[in-house]
Amino acid sequence: MALFSKDIQSMDDLFVHTLQDIYYAEQQIVKALPKMIEKASEGPLRDGFKQHLEETKTHVSRLEQVFEMHGTKAKGVTCPAIDGIIKEAEEISGEIGDPDVLDAALAAAAQAVEHYEISRYGTLIAWARELGRQDCASILEETLMEEKATDQKLTDLAEARLNRKAT
């Protein structure tokens, strides 16, 4: 189903479609993170990826809870945006031989993923509120806060260590 397909006739339809989009995205991230963990150097970046893998599994569970609360079956729809971000990360990281440069690239790729997630969760929260679903919005807000925290950790790590070591 394309984003502006005829299957989306209401704000509720759009909300559900976007839930399906981020559900797919989170599942793809769960698959991609082990590869990033393997490529990252030992230390804070690898540890952060491991922690975020566990958080992401929780994000998937929370989305399933939102689907259930909303009376909709949990299922994903292909998200070309996350597929492209992950593909780009895999291509770039596959070309880098210097482990310090690789860590900087992995952190940047992870931030691209975080920024996508932050935008999706922010939108879903606003739409849930408009639909009178504060219960759904509250659950989505938990995940949004974790995504923002991960983004900040990546920024701090890149600025304090990774980027400097890569140069």
Side-chain angles (χ1 to χ4, degrees), residues 2-3 17-67 74-128 136-167:
L3 180 58
H17 175 81
T18 305
L19 272 177
Q20 293 169 335
D21 173 281
I22 196 65
Y23 186 65
Y24 172 90
E26 293 285 20
Q27 291 174 322
Q28 297 310 303
I29 295 163
V30 166
K31 292 177 188 174
L33 273 167
K35 296 173 197 167
M36 294 177 76
I37 291 166
E38 188 176 306
K39 290 180 179 185
S41 297
E42 293 290 335
L45 182 62
R46 181 178 275 198
D47 293 344
F49 285 163
K50 287 178 183 177
Q51 177 185 352
H52 198 59
L53 175 57
E54 295 311 309
E55 284 181 351
T56 304
K57 291 175 183 177
T58 300
H59 300 167
V60 170
S61 296
R62 284 187 194 136
L63 286 168
E64 290 168 350
Q65 185 180 359
V66 171
F67 277 114
K75 70 174 190 168
V77 293
T78 302
C79 172
I82 203 67
D83 287 342
I85 292 169
I86 290 171
K87 182 180 178 191
E88 180 181 45
E90 289 171 351
E91 287 175 359
I92 290 172
S93 65
E95 298 172 4
I96 299 172
D98 182 324
D100 292 331
V101 175
L102 178 58
D103 282 350
L106 289 170
Q111 282 197 283
V113 169
E114 293 309 309
H115 293 176
Y116 180 77
E117 291 175 296
I118 289 166
S119 72
R120 280 293 186 228
Y121 282 108
T123 296
L124 283 166
I125 291 163
W127 289 348
C136 294
S138 294
I139 292 169
L140 296 166
E141 284 172 341
E142 290 180 60
T143 300
L144 178 60
M145 299 285 64
E146 289 173 0
E147 301 292 12
K148 286 181 176 181
T150 297
D151 180 53
Q152 188 59 54
K153 288 175 192 173
L154 287 164
T155 295
D156 294 344
L157 187 58
E159 290 176 351
R161 171 183 281 164
L162 298 178
N163 295 343
R164 189 170 301 120
K165 283 181 74 176
T167 58

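Source: prediction; values computed, not measured. Just so it is clear, the values below take in all heavy atoms, side chains as well, and ignore hydrogens, waters and symmetry mates.
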Got [X] and [Y] here, is their nearest side-chain heavy-atom distance under 4.5 Å?
X: Ile92; Y: Leu106; value: no
X: Lys153; Y: His52; value: no
X: Thr143; Y: Glu147; value: yes
X: Gln152; Y: Glu114; value: no
X: Thr150; Y: Leu154; value: yes
X: Tyr121; Y: Leu140; value: yes
X: Cys79; Y: Gln28; value: no
X: Ile29; Y: Glu26; value: yes

Might you confirm whether atom CZ of Arg46 has over 12 heavy atoms from other residues, nucleotides or ligands at distances under 6.0 Å?
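Counting neighbours around CZ of Arg46, more than 12 heavy atoms of other residues, nucleotides or ligands fall under 6.0 Å, so yes.
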Might you confirm whether atom CD of Glu142 has over 12 heavy atoms from other residues, nucleotides or ligands at distances under 6.0 Å?
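Yes.
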For the [atom1] atom of [X] and the [atom2] atom of [Y], what is their distance to the nearest 0.5 Å?
X: Ile85; Y: Glu117; atom1: CD1; atom2: CD; result: 9.0 Å
X: Cys136; Y: Ile125; atom1: SG; atom2: CD1; result: 11.0 Å
X: Glu42; Y: Asp47; atom1: CD; atom2: CG; result: 7.5 Å
X: Ile22; Y: Thr123; atom1: CD1; atom2: OG1; result: 10.0 Å
X: Leu53; Y: Ile37; atom1: CG; atom2: CD1; result: 5.0 Å

Is there a donor-acceptor contact under 3.5 Å from the side chain of Asp103 to the main chain of Ser41?
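Yes: the side chain of Asp103 pairs with the backbone of Ser41.
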I'd like to know if the side chain of Gln111 reaches the main chain of Asp151, judged simply by a donor and an acceptor atom lying under 3.5 Å from each other, with no hydrogens or angles considered.
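Present.
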Grab the two heavy atoms, one from [X] and one from [Y], that are nearest each other, plus how far apart they are.
X: Lys75; Y: Gln20; answer: O-CG, 3.1 Å
X: Lys39; Y: Gly94; answer: NZ-N, 4.1 Å
X: Gly76; Y: Tyr24; answer: CA-CB, 4.0 Å
X: Ile86; Y: Ala32; answer: CG2-CB, 4.0 Å
X: Asp100; Y: Ala166; answer: O-CB, 3.7 Å
X: Ala107; Y: Leu162; answer: CB-CD1, 3.6 Å

Charged N to carboxylate O below 4.0 Å: is that the case for Lys57 and Glu54?
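Judged by the 4.0 Å cut-off on N to carboxylate O distance, Lys57 and Glu54 do form a salt bridge.
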Please list, chain by chain and in numerical order, all residues satisfying salt bridge (Lys or Arg N to Asp or Glu O under 4.0 Å) with Asp21, sequence neighbours excluded.
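Partners of Asp21 under the salt bridge (Lys or Arg N to Asp or Glu O under 4.0 Å) test: Arg120.
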Would you please name every residue forming a ring pair (Phe, Tyr, Trp, His ring centres under 6.0 Å) with Tyr23, sequence neighbours left out?
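Once residues adjacent in sequence are excluded, the partners of Tyr23 under the ring pair (Phe, Tyr, Trp, His ring centres under 6.0 Å) criterion are Phe67.
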